[in-house]
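Data first, discussion second: the structure below is written as structure tokens.
This one's a predicted model, so the numbers in the text were calculated from it and none came from an experiment. All values below come from the heavy atoms of this structure, side chains included, with hydrogens, waters and symmetry mates left out.
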Amino acid sequence: MATASNLAPASDLKDEVEQLLYRQSEFLDTRDWDGWLDLFTSTGIYWIPAHPDDPSPDGLPCICCEDRYLMRMRVKRLRNPKAWSQLPPHRTSHIVSNVSIVNYDADNGSLNVQSRFHMVELRWDKQRYMAGRYLHHLVRANGDFKISLQRVDLLNYDAPLDYVLQSWV
């Protein structure tokens with residue numbers, strides 16, 4: 001749990017983090033894949049564990065675990081005009097809330113943030129709802145925060161998924 005000694009004293013930091021998370025949601029909802037990818041560091045990881053107790057993706061089954069290379073490959077598939085799964089393209093709406101800074105290291109500018117999310121996806125006239133918790137490890141790069149790790153703990157991690165995730169939750 002966060003303590004006063006490891007949190008930034010100013011609300012400006014929380015505002016900056018919230019804006020990053022809102023921007024991320026907007027990029028996903030508008031299918032601005034390049035903008036979304038630019039939020040990650042060059043070694044950034046996007047991870048959906050198979051169980052919320054999993055400490056890391058190393059050697060464990062995952063719903064999804066992608067580095068920048070795999071994220072770029074997914075973008076290429078989403079953009080491919082022959083991608084039958086995107087005819088018509090899926091649509092999403094993300095809501096992010098309850099943003100809190102868990103840990104802040106002022107010396108190197110890194111911090112851990114948790115938040116809650118709801119995502120609605122429309123595909124083939126069916127709506128699918130997902131909810132859960134985001135954990136972001138952020139680092140400063142050229143004055144802005146970048147995502148070095150995004151962990152997505154799905155509320156329904158143990159339920160069957162109707163179909164493969166088309167883009168990111």
Side-chain angles (χ1 to χ4, degrees), residues 13 16-87 89-96 99-105 107-121 123 128 130-155 157 161 163-169:
L13 183 61
E16 185 179 359
V17 168
E18 287 175 337
Q19 291 305 309
L20 172 77
L21 298 180
Y22 300 154
R23 205 165 49 249
Q24 180 182 37
S25 293
E26 188 65 18
F27 287 149
L28 290 171
D29 292 343
T30 60
R31 301 172 65 90
D32 182 351
W33 310 127
D34 295 326
W36 184 76
L37 280 171
D38 286 344
L39 296 176
F40 286 82
T41 65
S42 62
T43 58
I45 300 288
Y46 179 90
W47 174 40
I48 305 175
H51 193 279
D53 292 339
D54 291 349
S56 80
D58 298 333
L60 295 171
C62 303
I63 295 171
C64 175
C65 187
E66 297 179 346
D67 60 8
R68 287 287 299 251
Y69 175 79
L70 289 173
M71 287 186 263
R72 281 193 305 271
M73 291 300 103
R74 188 186 297 234
V75 166
K76 284 183 180 181
R77 287 194 310 269
L78 288 168
R79 287 182 172 154
N80 188 319
K82 295 181 182 178
W84 66 269
S85 69
Q86 291 303 298
L87 300 173
H90 73 281
R91 296 190 305 250
T92 60
S93 179
H94 291 75
I95 304 294
V96 178
V99 178
S100 62
I101 297 173
V102 177
N103 194 344
Y104 175 64
D105 186 339
D107 294 334
N108 66 16
S110 68
L111 53 93
N112 298 325
V113 176
Q114 72 176 5
S115 59
R116 299 293 175 171
F117 72 89
H118 285 102
M119 189 267 286
V120 179
E121 178 187 52
R123 183 170 183 240
R128 176 165 66 163
M130 295 194 178
R133 178 180 68 163
Y134 288 142
L135 293 172
H136 286 89
H137 298 281
L138 306 176
V139 296
R140 284 271 184 209
N142 300 323
D144 292 325
F145 280 116
K146 294 283 186 179
I147 303 167
S148 63
L149 172 68
Q150 179 169 343
R151 176 185 173 134
V152 181
D153 289 315
L154 293 174
L155 182 64
Y157 68 91
L161 297 172
Y163 46 82
V164 177
L165 297 170
Q166 296 299 308
S167 63
W168 298 272
V169 179

_With rounding to the nearest 0.5 angstrom, report the CD1 to CG distance, Ile45 to Leu149._
7.5 Å

*State which residues pass side-chain contact (heavy atoms from CB on, under 4.5 Å) with Asp153; sequence neighbours excluded, sorted by chain then number.*
Pro49, Pro52, Arg133, Leu135, Arg151

*Picking from Glu66, His137, His136, what satisfies side chain to side chain contact (heavy atoms under 4.5 Å, CB included) with Gln150?*
His136

*Ser25 versus Val96, closest heavy-atom pair with distance*: OG-CG2, 3.2 Å

*asked:* Below 30° counts as parallel, above 60° as perpendicular, anything between as tilted: where do the rings of His51 and Tyr157 land?
replied: perpendicular

*So, for Cys65 and Pro57, which heavy atoms are closest and what is the spacing to 0.1 Å?*
SG-CB, 3.6 Å

*Do Arg23 and Asp38 meet the salt-bridge criterion of a basic N to acidic O distance under 4.0 Å?*
no

*Side chains of Thr30 and Asp32: do they bring a donor and an acceptor to under 3.5 Å?*
no

*State whether the side chain of Arg68 and the backbone N or O of Leu37 hold a donor-acceptor pair below 3.5 Å, judged by distance alone.*
yes

*Mind telling me whether Tyr46 and Trp168 have parallel, tilted or perpendicular rings, with 30° and 60° as the class edges?*
perpendicular

*asked:* With rounding to the nearest 0.5 angstrom, report the CH2 to CE distance, Trp33 to Met71.
replied: 13.0 Å

_Point-to-point distance, once rounded to the nearest 0.5 Å, from CD1 of Ile147 to CD of Gln24_ = 4.0 Å

*asked:* Are Cys62 and Asp54 packed together at the side-chain level, in the sense that at least one heavy-atom pair is separated by less than 4.5 angstrom?
replied: no

_Side-chain heavy-atom pair Thr92, Met130 within 4.5 angstrom cut-off_ = no

*Interatomic spacing from CD1 in Ile101 to CG in Leu111 - rounded to 0.5 Å*: 5.5 Å

*In this structure, are over 12 heavy atoms from other groups packed under 6.0 Å from Arg91 atom CZ?*
no

*Could you please spell out the steps behind the side chain to side chain contact (heavy atoms under 4.5 Å, CB included) verdict for Tyr134 and Val152?*
CA-CA 5 Å; Tyr134 288 142; Val152 181; 3.8 Å; yes

*What is the distance from atom OG of Ser93 to atom CG of Leu28, rounded to the nearest 0.5 Å?*
11.0 Å

*Among Val139, Leu39, Leu13, Val113, which one satisfies side chain to side chain contact (heavy atoms under 4.5 Å, CB included) with Phe145?*
Leu13

*Leu154 side, atom CG; Ile63 side, atom CD1 - distance, nearest 0.5 Å*: 5.0 Å

*Report the C-alpha distance between Trp36 and Val75 in whole Å, list the side-chain angles of each, state the deciding distance to 0.1 Å, and finish with yes or no for side chain to side chain contact (heavy atoms under 4.5 Å, CB included).*
CA-CA 10 Å; Trp36 184 76; Val75 166; 5.7 Å; no

_Quick check: closest heavy atoms across Gln114 and Val102, and the distance to 0.1 Å?_
CG-CG2, 3.8 Å

_His94 vs Leu21, test: side chain to side chain contact (heavy atoms under 4.5 Å, CB included). Steps then yes/no._
CA-CA 10 Å; His94 291 75; Leu21 298 180; over 6 Å; no

